[in-house]
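First comes the structure, then the notes that go with it.
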Amino acid sequence: VNSTPFLTLENYPLKDKQELLEHIAQFARQTFLVLEKAWQKLEKKLVDFKVEFGIDSKGNVLLADVIDNDSWRLLENNMYLDKQVYRDGGNINTVAELYKRVAHLSNQFEVPKQRIIVWRASEKDDIEPLINELKNYTGVLELTTVTYSLHKEPAKAYYTLQNLVDEIPNSVLIALVGRSNGAGPTLAANTTIPVITVPMGWQNFPEDVWSSLRVPSLVPLLTVLDVQNAALAALQILALQSPHLYALLRFKQEKRLLNIIPFI
């Protein structure tokens, strides 16, 4: 007779391990978000996935599973590309072809090389608040600071900008400028990457904002007054192509969106 007791809520080994459970949940959610964006880029929809975790004798959480076509549901035009076809009685040859196709598609997953360019007109322009907002993402993208006045050194400025874009075309430029408030529109008119400008002196000289808002045609400039919002806007633009960056931003977003009201 098997004397092993049935697993119940009372004898569940992780019953009082809420912190550990939250760690597992966070790991699983972030992994899903990375895969979700990777499949979105290939015009597919990841519905869900499952993985199994274990705990070793030292209490370390271990991933005791693989993520493959058996462990997720993946849709293309509302049709399954995964094991669900087999579960629904699909022909085994059809299932095999779908597995081969999914394997081929997943080989196209990539981590893009991306950069945020922080542009200031002079060293007097305080970029520290912006750098502080972006420094936590330097493991996912490059962060480059440029100091050039568009008024005083336009040729050098254009040359530097073009070289940076040639190196990493998948970039966003944030211009933090004070008295040289025309830098943002000028940069936006002479590059193919998105440009976000933050008029640094707008609180003392609110009229300066108009030089960033009332711009000529063919000057696709984005104007943001708050440094934190400017950083987030740049990150969201890059997250359209970066599964890792998308996962980081979306995970923070979902923590804010989740509102739980206890019923007593």
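Nothing fancy with the numbering, it's 1 onward along the sequence. It should be emphasised that the depicted structure is a prediction, and the values quoted were computed from it without experimental measurement.
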query: With side chains defined as the heavy atoms from C-beta onward, is the minimum distance between Phe49 and Thr31 less than 4.5 Å?
result: yes

- prompt: Are Val165 and Leu141 connected, step by step, through hydrophobic side chains (Ile, Leu, Val, Met, Phe, Trp, Tyr) whose heavy atoms are closer than 4.5 Å?
  reply: no

task: State the OG-CG distance between Ser171 and Leu161, to the nearest 0.5 angstrom.
output: 9.5 Å

message: Check the orientation of Phe53 and Phe27. Use parallel for under 30°, tilted for 30 to 60°, and perpendicular for over 60°.
response: perpendicular

field: Other residues, nucleotides, ligands: >12 heavy atoms within 6.0 Å of Phe109 CZ
entry: yes

query: Which value, rounded to the nearest 0.5 Å, describes the distance between Leu176 atom CG and Ile131 atom CD1?
result: 8.5 Å

message: Are Leu225 and Val198 packed together at the side-chain level, in the sense that at least one heavy-atom pair is separated by less than 4.5 angstrom?
response: no

field: Asp65 and Lys50 ion-paired at < 4.0 Å
entry: yes

task: Group every Ile, Leu, Val, Met, Phe, Trp and Tyr by side-chain heavy-atom contacts under 4.5 Å, then state whether Tyr137 and Ile174 land in the same group.
output: yes

- request: May I ask you to check whether over 12 heavy atoms, not counting those of Glu19, lie within 6.0 Å of atom CD?
  value: no

query: Under a single-linkage definition using a 4.5 Å side-chain heavy-atom cutoff for Ile, Leu, Val, Met, Phe, Trp and Tyr, are Leu238 and Leu240 assigned to the same hydrophobic cluster?
result: no

message: Taking the side chain as everything from C-beta on, heavy atoms only, tell me whether Leu46 gets closer than 4.5 Å to Gln40.
response: no

query: If you group Ile, Leu, Val, Met, Phe, Trp and Tyr by side-chain heavy-atom gaps below 4.5 Å, do Ile168 and Trp119 land in one group?
result: no

task: May I ask you to check whether over 12 heavy atoms, not counting those of Arg214, lie within 6.0 Å of atom CZ?
output: no

Contact summary for Ala183 and Val177, nearest pair of heavy atoms: CB-CG1, 3.8 Å

Residue pair Glu97 / Asn93, side-chain donor-acceptor N/O under 3.5 Å: no

query: Is the shortest heavy-atom distance from the side chain of Ile24 to the side chain of Val61 under 4.5 Å?
result: yes

field: Note, Gln108 side chain near Leu42 side chain (heavy atom, < 4.5 Å)
entry: yes

query: Which value, rounded to the nearest 0.5 Å, describes the distance between Lys252 atom NZ and Leu235 atom CG?
result: 8.5 Å

query: Out of Leu164, Leu187, Leu173, which residue meets the side-chain contact (heavy atoms from CB on, under 4.5 Å) rule with Val146?
result: Leu164

- request: Evaluate side chain to side chain contact (heavy atoms under 4.5 Å, CB included) for Tyr158 paired with Leu150, printing each intermediate quantity in order.
  value: CA-CA 8 Å; Tyr158 294 144; Leu150 267 295; 3.8 Å; yes

task: Can you run down the salt bridge (charged side-chain N to carboxylate O under 4.0 Å, His left out) pairs that involve residues 67-78, sequence neighbours left out, and say none if there aren't any?
output: Lys44-Glu76, Asp48-Arg73, Glu76-Arg101

task: Check whether any side-chain heavy atom of Ser242 sits under 4.5 Å from a side-chain heavy atom of Val140, and report yes or no.
output: yes

field: Aromatic centroids of Phe32 and Trp72 separated by under 6.0 Å
entry: no

- request: Return each pair, listed once, that meets salt bridge (charged side-chain N to carboxylate O under 4.0 Å, His left out) where at least one residue sits in residues 156-170; pairs must be two or more places apart or across chains.
  value: Arg115-Glu167, Glu153-Lys156

query: Does Leu75 belong to the same Ile/Leu/Val/Met/Phe/Trp/Tyr cluster as Val34, with side-chain heavy atoms less than 4.5 Å apart forming each link?
result: no

- prompt: Would Tyr246 and Glu36 satisfy side chain to side chain donor-acceptor pair (under 3.5 Å), going step by step from the backbone distance to the final call?
  reply: CA-CA 9 Å; Tyr246 166 82; Glu36 180 185 42; 2.8 Å; yes

field: CD-OG1 distance between Gln162 and Thr160, expressed to the nearest 0.5 angstrom
entry: 10.5 Å

query: Got a second to check how far Leu81's CG is from Asn77's CG, nearest 0.5 Å?
result: 9.0 Å

message: If the test is side-chain contact (heavy atoms from CB on, under 4.5 Å), which one of Ile117, Val172, Asn170 qualifies with Ile193?
response: Ile117

- prompt: What do the steps show when you test Gln26 against Arg29 for side chain to side chain donor-acceptor pair (under 3.5 Å), and what is the final call?
  reply: CA-CA 5 Å; Gln26 176 175 324; Arg29 288 199 301 271; 5.6 Å; no

task: Could you tell me the separation between the NZ atom of Lys41 and the CD atom of Gln241, rounded to the nearest 0.5 Å?
output: 5.0 Å

